[in-house]
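I have placed the structure first, in the form of structure tokens, so that the comments after it can refer back to it.
The analysis underlying the following values was restricted to heavy atoms, covering all of them including side chains, and did not include hydrogens, waters or symmetry mates. Heads up: numbering here begins at 1 and tracks the sequence. These numbers were taken from a predicted model, which means no experiment stands behind them.
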Amino acid sequence: TLIPVLMVYLVRGRIRSEAKNPLSRLFIALYRPLLRGVLRAPLLTLLLAIAVVAATVFPAQKLGSEFMPPLNEGDLLYMPTTPPGISITKAKELLQQTNKLIAAHPQVAHVLGKIGRAETATDPAPLSMIETTIILTDKSTWPPGKTLETIIRELDATVRLPGLTNAWTMPIKTRIDMLATGIKTPVGIKLMGPDLAQLSKVGTRIEAALRRLPQTLSAYAERVVGGNFIDVEVRRDDAARFGLTVADVQDVVRSAIGGMNVTQTVEGLERYPVNVRFPRELRNNLQKLRAIPVATPMGHTVPLAQVADLGIKKGPPMIKSENARRTAWIFVDIKGGDVGGYVEEARRLVAEEIKLPAGVSLSWSGQYEYMARAKRRLTIVVPLTLGIVFLLLFIHFRNITASLIVMASLPFALVGGIWLMVALDYNLSVAVAVGFIALAGLAAETGVVMLVYLDEAYERHRREGRLVSLAALREAIME
């Protein structure tokens with residue numbers, strides 16, 4: 001698409017013939033000796049070409065796979081996960097500690113951390129998920145040899161706090177991934193079943209198994225029943241003796257412990273609710289909660305413990321569902337970008353060591369979900385593309401043999417691209433697959449041009465009666 005447009009602007013005026021064009025003469029001078037050598041030993045050339053293709057099969061099978069090559073956005077996003085049940089005070093303390101540790105790195109210009117969520121359904125972030133945007137200094141100021149991967153490794157070694165499971169990624173990429181799949185790491189596992197406690201147990205076992213893989217950077221299974229809740233169970237008979245109903249006791253619990261909005265304050269165009277509840281020193285442990293006074297209709301107060309039982313119970317801090325089933329997610333951050341190879345190894349490990357209970361299913365998500373979907377489509381698109389190319393060749397040549405000759409050249413065209421990927425340590429991706437499809441089309445186009453020229457030279461020499469020997473045929477090919 002680009003070359004024809006450039007030709008309109010650049011190929012103008014008097015155009016020299018190939019014999020007078022210095023660039024064409026240079027390439028012809030380099031090409032003719034190679035062509036003569038190939039024509040002297042055609043069988044050896046064919047065997048060498050087949051050997052090169054055969055030798056490329058092994059490294060091609062060892063290439064890693066990913067959905068798309070990572071895009072360096074210039075900044076980083078640090079998204080650690082804490083165990084559920086963390087208090088707001090402790091969460092703020094962790095956020096300040098991680099910000100200070102990250103800001104101390106010489107290549108970090110600015111750090112902005114967030115914990116909690118806004119009052120909107122579009123930001124369902126729990127208190128256990130920290131989001132820290134890291135603005136890096138200009139790359140020209142980095143020391144020689146310093147790369148983004150090096151900075152991530154240094155930050156990961158620095159920010160090591162008990163209870164935190166680190167995850168390092170890119171800001172824009174993570175937002176897109178979380179909107180599409182909800183998974184913030186390259187690989188995610190979604191456990192689905194009816195019982196959250198059962199899903200939590202299975203998730204922790206899978207987490208322990210995946211941590212042993214050498215390519216696992218971090219693994220964290222959501223503790224879906226790890227939240228701490230104060231359970232207040234009203235003893236109806238005891239409350240009735242003091243003239244209290246269940247609603248009376250619950251009103252005290254709601255207002256004294258949870259807080260109650262009593263009015264609003266207007267600050268210009270802004271309105272803020274005023275919430276009233278007991279001070280922290282009167283509600284920071286169960287003993288003090290049991291001593292909360294409850295007013296009775298008789299005009300006196302009784303401790304809350306005389307009309308209700310108080311205790312701390314475990315429960316789900318957040319309930320997620322997918323396909324009408326409850327889910328528990330496992331976040332897995334990996335070293336390198338070979339998502340497909342990692343998932344294959346992780347699948348084998350989970351299948352060998354983890355037996356899923358009845359009613360529990362497992363699905364792999366994150367970037368792997370994109371990659372699997374793209375792979376299914378490519379298995380249809382690639383054969384269809386090759387079939388269309390062959391059909392167009394047959395329409396052009398009206399000859400199956402000539403069409404098959406051009407199609408047989410396509411594997412040889414891909415050899416260089418595969419070895420270049422091996423040399424640069426690149427992974428197979430959708431972008432690479434599209435590039436190979438375009439390369440195959442270019443190779444087919446080149447084959448068509450060469451066959452047209454060879455057929456034209458052969459027919460002209462035949463009409464002139466010059467094809468009297470094998471040497472004459474070689475001369476026609478050289479022309």
Would you mind reporting whether [Y] and [X] have side-chain heavy atoms less than 4.5 Å apart?
X	Y	value
D338	S65	yes
T132	I130	yes
K100	Q97	no
E93	K90	yes
V294	Q306	no
T204	R223	yes
L76	T169	no

May I ask you to check whether over 12 heavy atoms, not counting those of [X], lie within 6.0 Å of atom [atom1]?
X	atom1	result
F27	CZ	no
Q264	CD	yes
K288	NZ	yes
K173	NZ	yes
R236	CZ	no
L44	CG	yes
M450	CE	no
L384	CG	yes

field: Verdict with reasoning, T245 to D248, per side chain to side chain donor-acceptor pair (under 3.5 Å)
entry: CA-CA 5 Å; T245 64; D248 295 333; 3.1 Å; yes

Spacing of [atom1] belonging to [X] relative to [atom2] belonging to [Y], to within rounding of 0.5 Å:
X	Y	atom1	atom2	result
Q367	I183	CD	CD1	11.5 Å
L136	L148	CG	CG	6.5 Å
R211	I206	CZ	CD1	13.5 Å
T385	F390	OG1	CZ	15.5 Å
L199	R325	CG	CZ	8.5 Å
Q107	L155	CD	CG	9.0 Å

- request: Mind running side chain to side chain donor-acceptor pair (under 3.5 Å) on E131 and T133 for me, showing each step along the way?
  value: CA-CA 7 Å; E131 302 176 28; T133 303; over 6 Å; no

task: List the steps and the verdict of side chain to side chain donor-acceptor pair (under 3.5 Å) for Y342 and T216.
output: CA-CA 8 Å; Y342 177 86; T216 301; 2.6 Å; yes

Where do [X] and [Y] come nearest, in terms of heavy atoms and distance?
X	Y	result
A167	D333	CA-OD2, 3.7 Å
I189	L210	CD1-CD1, 3.7 Å
V224	A328	CG1-CB, 3.7 Å
S409	A443	OG-O, 4.4 Å
L77	M170	CB-C, 4.0 Å
L310	L286	CB-CD2, 4.3 Å

field: salt bridge (charged side-chain N to carboxylate O under 4.0 Å, His left out) contacts touching residues 368-379 (sequence neighbours left out)
entry: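 Sorted pair list: E369-R373.
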
Identify all side-chain donor-acceptor contacts of residues 313-320 below 3.5 Å with residues at least two apart in sequence or on another chain.
| from | atom 1 | to | atom 2 | distance (Å) |
| --- | --- | --- | --- | --- |
| K313 | NZ | D231 | OD2 | 3.3 |
| K314 | NZ | N228 | OD1 | 2.8 |
| K320 | NZ | E222 | OE1 | 2.8 |
| K320 | NZ | E222 | OE2 | 2.6 |

Could you list the donor-acceptor pairs under 3.5 angstrom formed by side chains in residues 157-166, with sequence neighbours left out?
| from | atom 1 | to | atom 2 | distance (Å) |
| --- | --- | --- | --- | --- |
| T158 | OG1 | E154 | O | 2.8 |
| R160 | NE | D156 | O | 3.1 |
| R160 | NH2 | D156 | OD2 | 2.7 |
| N166 | OD1 | Y78 | OH | 2.6 |
| N166 | ND2 | D156 | OD1 | 3.2 |
| N166 | ND2 | V159 | O | 2.7 |

Do any side-chain atoms of residues 343-360 form donor-acceptor pairs under 3.5 angstrom with protein atoms, and if so which ones, sequence neighbours left out?
| from | atom 1 | to | atom 2 | distance (Å) |
| --- | --- | --- | --- | --- |
| R347 | NH2 | Y368 | OH | 3.4 |
| E353 | OE1 | R212 | NH2 | 2.6 |
| E353 | OE2 | R212 | NH2 | 2.4 |

message: Test of understanding: with salt bridge (Lys or Arg N to Asp or Glu O under 4.0 Å), list the residues that count as partners of E73, not counting sequence neighbours.
response: none

- request: Indicate the ring-plane relationship of Y370 and F67, choosing parallel, tilted or perpendicular according to the 30° and 60° boundaries.
  value: tilted

query: Would D138 and S140 count as a side chain to side chain donor-acceptor pair (under 3.5 Å) if you check the C-alpha gap in whole Å, the side-chain angles of each, and the deciding distance to 0.1 Å?
result: CA-CA 5 Å; D138 191 88; S140 61; 2.3 Å; yes

Anything under 3.5 Å between a donor and an acceptor, one on a side chain of residues 47-60, the other on a protein residue two or more places apart or in another chain? List them.
| from | atom 1 | to | atom 2 | distance (Å) |
| --- | --- | --- | --- | --- |
| T56 | OG1 | V52 | O | 2.6 |
| T56 | OG1 | W419 | NE1 | 2.9 |

message: Check E149 with R153, please: is the shortest side-chain N to carboxylate O separation under 4.0 Å?
response: no

